[in-house]
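Following: one structure in structure tokens, then a few remarks.
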Amino acid sequence: MNGRLAIGIDIGHTNLRAGLVDQTGAVRDVIRERTDISGGPEGVLEQIVRSAELLRGKHEVAGIGVGIAGQCDIARGVVRCGPNLFWPDVPLQQWLNEEMKLPVILRNDVVMATVGEWRYGAGRGCHELVMLLVGTGIGGGAVVNGKLLQGATGCGGHFGHISVQMDGPLCGCGRPGCVEAYASGSGLATRAREDPCLSSSMLANTLRLDGMAVAQAALAGDPLALRLRDEAATALSSAVSNVINCFNPQRVILGGAVLNGLTQLFDLTVRGAMEQCLPSHRDHLEMKNIELGDLSGIIGAASWVHYPL
Ligand SMILES: [Zn+2]
């Protein structure tokens, strides 16, 4: 190891965060920006390098951990499906290594966030753990028998693509009825736009119809937004109970801007999932909110540099 600090980068569909993190998981410095996808993968690379250079300054840094919203081919260090969903295979690990002259580790963003919560947040001390983050998309991660689930190709834990309705709306992945199509920020916005009741909803006059707009409308009592919230809760309850039935976890960690921003969605999801999962799986099961806020991704990614998995 070349130093006591590492850089963690968290590239979501909407937000990009970069942080300088020490070996205890403490964030020394953080940069938050919106992910700028207008310049394609090369533009996002420039954004990452600019942030990483600023954070590095004169510090000795051991390496960079990167979590990105998409599927990563971990054998090749390639992002297979990046934030704007138009990226072809992007060798982000190699690009960043060449730019920064530092070791780079690349994984899915919610896998990195799961590592952060497991080591320093709501998952501390847990050997059987699953996590779902509901933001612009829905991602997941799992710890099984004390080890991070990675899967044969590094893509384990994509719980957002659990289908909860065989003839449901099309998801961004091309299949019908994924929970992401109902409950993610992008799914909620699409469903609002396509709803026959849109014209009588306050969402009809929203300039930027996204998940946050649905959350604000629900808080104001808008009937369409509240119905979409209820449908999202039903879909999430089903998906989370499926995950519980498959993994038999000690703890389920839920979070993300939509789950915590859309009124009552967290409580409705917890109640629904507890009701629907197998009774044998309910005993000793805890369901918790994330503890590290929007920093779990950078803390997890940097900790991977300090303590490889
Ligand atoms: Zn899907």
Side-chain angles (χ1 to χ4, degrees), residues 10-15 35 37 67-74 78-90 107-114 130-142 149-195 209-212 214 228-247 252-259 261-262 265 268-269 272-273 276-277 297:
D10 181 4
I11 310 163
H13 289 81
T14 309
N15 296 300
T35 309
I37 57 173
I68 186 162
Q71 289 117 52
C72 298
D73 178 337
I74 61 172
V78 166
V79 183
R80 297 190 60 185
C81 187
N84 63 6
L85 302 177
F86 299 110
W87 289 16
D89 283 7
V90 172
R107 291 292 187 277
N108 171 266
D109 58 344
V110 184
V111 168
M112 287 301 200
T114 301
V130 295
M131 177 156 136
L132 275 89
L133 288 190
V134 184
T136 311
I138 298 178
L149 172 76
Q150 301 214 55
T153 62
C155 293
H158 278 270
F159 302 138
H161 301 288
I162 290 174
S163 181
V164 293
Q165 183 78 36
M166 277 162 43
D167 56 353
L170 268 191
C171 176
C173 74
R175 297 189 318 136
C178 294
V179 63
E180 183 166 295
Y182 286 96
S184 68
S186 58
L188 284 162
T190 301
R191 287 177 67 68
R193 260 183 232 111
E194 294 174 351
D195 197 284
L209 209 178
D210 56 11
M212 287 304 112
V214 176
L228 293 173
R229 188 276 316 270
D230 288 344
E231 289 168 3
T234 302
L236 277 170
S237 300
S238 175
V240 173
S241 66
N242 285 337
V243 173
I244 292 169
N245 291 348
C246 292
F247 285 84
V252 176
I253 302 173
L254 301 171
V258 171
L259 197 62
L262 190 45
L265 184 58
L268 289 168
T269 300
Q276 289 177 39
C277 71

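Please read these numbers as outputs of a predicted model, since none were measured by experiment. Read the numbers this way: they start at 1 and go in the same order the structure lists the ligands and their atoms. Hydrogens, waters and symmetry mates play no part in the numbers below; they use all other heavy atoms, side chains included.
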TODO: Can you list, by chain and residue number, the protein N, O or S atoms under 2.8 Å from the Zn ion (ligand 1)?
DONE: His161 ND1, Cys171 SG, Cys173 SG, Cys178 SG

- [ ] Determine the sole option in Leu268, Val214, Thr234, Leu188 for which the side-chain contact (heavy atoms from CB on, under 4.5 Å) test with Arg229 is passed.
- [x] Leu268

Open item on the list: Side chains of Val243 and Val252, heavy atoms from C-beta outward: is any pair under 4.5 Å?
Closed with: no

Task: Side chain to side chain, Phe247 and Leu149, heavy atoms closer than 4.5 Å - done: yes

Cut-off 3.5 Å, no hydrogens considered: what does the side-chain donor-acceptor table look like for residues 167-176, sequence neighbours left out?
from, atom 1, to, atom 2, distance (Å)
Asp167, OD1, Gln165, NE2, 2.9
Arg175, NH2, His161, O, 2.7

Task: Pairing residues for Asp73 by the salt bridge (charged side-chain N to carboxylate O under 4.0 Å, His left out) criterion, not counting sequence neighbours - done: Arg76

Open item on the list: I'd like to check the side-chain hydrogen bond (donor to acceptor under 3.5 Å, both in side chains) partners of Ser184; sequence neighbours left out, ordered by chain and number.
Closed with: Ser186

